There are 4 protein chains.
Amino acid sequence: MHDQQKEERRQDILTTVWQLFQTTSYETVTIAGVAEAAGLAKGTIFLYFKTKEALFLALLEQQLGSWFASIDAGLLALEGTGDILKITTLLCEQLASRPGLTRLLAILHTILERNIHLDEAIRFKYLLKEHFEQTGHLLERCLPFLKSGQGAHALLQCDALVIGFWHLSDTAPVVQQAFQQPELHLFEIHFVTELSIAMQALLYGLEKSAQLPSQP
Amino acid sequence: MHDQQKEERRQDILTTVWQLFQTTSYETVTIAGVAEAAGLAKGTIFLYFKTKEALFLALLEQQLGSWFASIDAGLLALEGTGDILKITTLLCEQLASRPGLTRLLAILHTILERNIHLDEAIRFKYLLKEHFEQTGHLLERCLPFLKSGQGAHALLQCDALVIGFWHLSDTAPVVQQAFQQPELHLFEIHFVTELSIAMQALLYGLEKSAQLPSQP
Amino acid sequence: MHDQQKEERRQDILTTVWQLFQTTSYETVTIAGVAEAAGLAKGTIFLYFKTKEALFLALLEQQLGSWFASIDAGLLALEGTGDILKITTLLCEQLASRPGLTRLLAILHTILERNIHLDEAIRFKYLLKEHFEQTGHLLERCLPFLKSGQGAHALLQCDALVIGFWHLSDTAPVVQQAFQQPELHLFEIHFVTELSIAMQALLYGLEKSAQLPSQP
Amino acid sequence: MHDQQKEERRQDILTTVWQLFQTTSYETVTIAGVAEAAGLAKGTIFLYFKTKEALFLALLEQQLGSWFASIDAGLLALEGTGDILKITTLLCEQLASRPGLTRLLAILHTILERNIHLDEAIRFKYLLKEHFEQTGHLLERCLPFLKSGQGAHALLQCDALVIGFWHLSDTAPVVQQAFQQPELHLFEIHFVTELSIAMQALLYGLEKSAQLPSQP
DNA sequence: AATGAATGAGGATTCATTCAT
DNA sequence: TATGAATGAATCCTCATTCAT
């Protein structure tokens, strides 16, 4: 079996998992279910992914790759504009079109990274670093107030916003019911909307901070 | 047994849980452990708290109450100053001095709210609303650019930042090891530091946004 | 529920396991099977025994208790006789009438003791020590050549013989088939017979050794 | 590929397994590990050995061959002496210098013989028979009280002792900890020491038994 | 002869929660 | 009001072995 075939099978598994994950939660997706849906034996799954977490991490890598690619393309077109609104819209819309990605990001630190091997952790973090730095670089060329290295850092701050607002917006069923009470609509968060607002404000604020003389 | 005695026992349980939670994780704290530490039977715990999640939610309520009280006091002293830096420092330092609070906030939406009853959800959300609106009000008086109602909303945005940065900073052991690799220190997040920076930028940005003519 | 009832249920479980163990192997006995046969939930079994190994260890304790009791009674009747043959016969026949005991002894060190908690290990070893010393004492009074403490030691040597000969006699099915070959009957070991012969020789030898002046 | 080459490769595999087995347990040695260490594919291992058990059985054959050779040489020098102490010392020291051999003997009947094919079982048992009879013969010439055929039988009894004392001395980690308790040192068995004592006694006893008029 | 991808069986264990007493 | 015995769901992963190439 050639490497190409192996890669194809790996992709098959990832595609299967991705489909299952769309309609259910991480917990609901079981290896047994994945194997059955993929027409493989349980053990075969583990031949391609050491743990369930590593499997979903690979999924995240793909989605992240896709997202960063879109962002990079978009940022190139915005080079030098300094248009925070357009940049925010770009980031958020590309995220909104990948609902699964956000859910994966939201469980990355609490679940996915909790049961992987060191080598996987290192590889993933380096990959992430590459993305952050490359896209951060592009971001710096769009937003001149960002100095070298601050682009990646800004992306990290956006990541925090994504995770945070996802948690706020992805409410449990009981909480949904509670929201039927009057005056509680305050907490009904529309993810993309709120994320956009906050991200925009954050970038404006970074611009302002850059203009200030010093920060201890 | 008088209501007072019941309340005392309820407090005893909460105090016990709080102590256990300080040194371990939510998962590690078991009802059996709580019962033993409190000198009660397992079943008794459930007489005071319907579920484990409700128990921790009560804990969160207390800590939140304490935090909001401090914030309120602090904001009163900053009324009208518009000093974003001081406000940010206030919010973050009061959070930094309550490590358990942050950890509870980080699991509020993914765990605590997932297994409580409707009445508890409603009560908690109303309580939260009260806090958000009262403190939001005070915030509005400190930051004149915040219109009525925007104070609570700003606090919500801060909440998102807290959750997000906690996830980014609370890394799994393997990831900690991975960080020993060169050039990965980018991801080593010091919670309070990063939270402060982002929160400050966010508030600056909200100020800037308020000055802009319109927002679609 | 009184302690007595708890003890009864504990006994029920042990009895159930004992019955299952009679007709199958340790591996074949599953907790699920035990629970079903006992009309209990799986979790309930673990309420009475921390691990599967601890469950079988309790079984062994009972059987050992019974065996030692019979031996003690028998040895009392042989006090001062120095009749090695009768003693050997006593030990072996009491063992032969408890087939399960031998099987448990044979897996004690390789399986049972491998997954128990320290407190259980300590308790079991002290229990064993008690038995060895008490019965060893009686043995010393039957066999005058045994000095103080040597009785327990002799029992330990017998234990080794029991384990060893059980392994030699409890042959795998394939090996059974192999024994249909001519001239291989050498290896067809009848457990009790061979154990008796060796144990008798061992005791004779200990007597002889005692008469020798010194052993480095 | 010539038979000679095949035999060489077979030896390579055995050598590799032997090295791995020295530092770990039977369970820890995996076919995958053996294949990797030997620079072969997993499937290749099974071309030379039908099962994992057959592989270790071959190992045991080699070690046994080596041990019996040493014993034979030693017994020749002791011919006619009737010196039980020297014989015991010979047997035990040659065993002590081959720690892996004892470990293999201890799992021979419970593991190795459980998953081999009939032809292998037959071959192994015949091989064993050869050894037992040849060395048994030599033993008979050292110990005149042993009648024809009793030498092999005595070796079988020694085998039982080896297995039994190995189990008693090879204690689980928890049990090791338990032995830190006072008064439990009774169970801390030094394998070679105890084996020597018991084997010597056994042989003395066989001598004594031979002098007795009759045995039922 | 060598490969290595695929297989798939197999089971203990925890712990929040309930409810009879 | 307090107890604590009983419940039972829920699933990952290893690794010897096979067999098509």
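The structure presented is a predicted model; accordingly, all values stated were derived computationally and were not measured.
Between B:Tyr48 and F:dT1, a side-chain N or O to OP1/OP2 separation shorter than 4.0 Å is absent.
Rounding to whole angstrom units, CG of residue C:Leu40 and C1' of F:dA9 are separated by 17 Å. The distance between atom CG of C:Asp12 and atom P of F:dA5, rounded to the nearest whole Å, is 16 Å. Between the NE2 atom of B:His2 and the C1' atom of F:dT1 there is a distance of 14 Å, rounded to whole Å. Whole-Å rounding puts the A:Arg9 CZ to E:dG4 C1' distance at 13 Å. Taking atom CZ of residue C:Phe49 and atom C1' of nucleotide F:dA5, one finds them 15 Å apart after rounding to whole Å. With rounding to whole Å, A:Ile45 atom CD1 is found 12 Å from E:dT7 atom C1'. Taking atom CD of A:Glu36 as the reference point, atom P of E:dG8 lies 13 Å away to the nearest angstrom. Distance C:Gln4 CD to F:dA5 P: 15 Å, rounded to the nearest Å.
Under the Watson-Crick or G-U wobble criterion, with both distances below 3.5 Å, E:dT21 is paired with F:dA2. Taking a pair to require two hydrogen-bonding distances under 3.5 Å in either a Watson-Crick or a G-U wobble arrangement, E:dT7 pairs with F:dA16.
A distance-only check finds no donor-acceptor pair linking the side chain of B:Arg9 to the backbone of B:Tyr48 [under 3.5 Å]. Side-chain atoms of C:Gln5 come within 3.5 Å of backbone N or O of C:His2 as a donor-acceptor pair.
Side chain of D:Lys6, nearest nucleotide from F:dT1, F:dT7, E:dA1: E:dA1.
The structure places CD of D:Glu61 at 14.0 Å from CZ of D:Phe56, a figure rounded to the nearest 0.5 Å. If you take CD1 on A:Ile116 and CZ on A:Phe124, they are separated by 7.5 Å, rounding to the nearest 0.5 Å.
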Nucleic acid footprint by protein, nucleotides 12-19 of chain F - heavy-atom cut-off 4.0 Å, B for base, S for sugar-phosphate alone | SBB-SBB-

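Considering B:Glu53, B:Lys50, B:Glu120 in turn, B:Glu53 is the only one that fulfils the side-chain hydrogen bond (donor to acceptor under 3.5 Å, both in side chains) rule with B:Asn115.
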Before giving the answer on side chain to side chain contact (heavy atoms under 4.5 Å, CB included), spell out for C:Trp18 and C:Gln62 the whole-Å C-alpha distance, their side-chain angles and the decisive distance to 0.1 Å.
-> CA-CA 10 Å; C:Trp18 185 241; C:Gln62 286 202 333; over 6 Å; no

Please walk me through it: do D:Thr110 and C:His167 pass side chain to side chain contact (heavy atoms under 4.5 Å, CB included)?
-> CA-CA 7 Å; D:Thr110 38; C:His167 279 226; 3.5 Å; yes

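Between C:Gly39 and A:Thr28, the one whose closest nucleotide on DNA chain F sits nearer the 5' end is C:Gly39.
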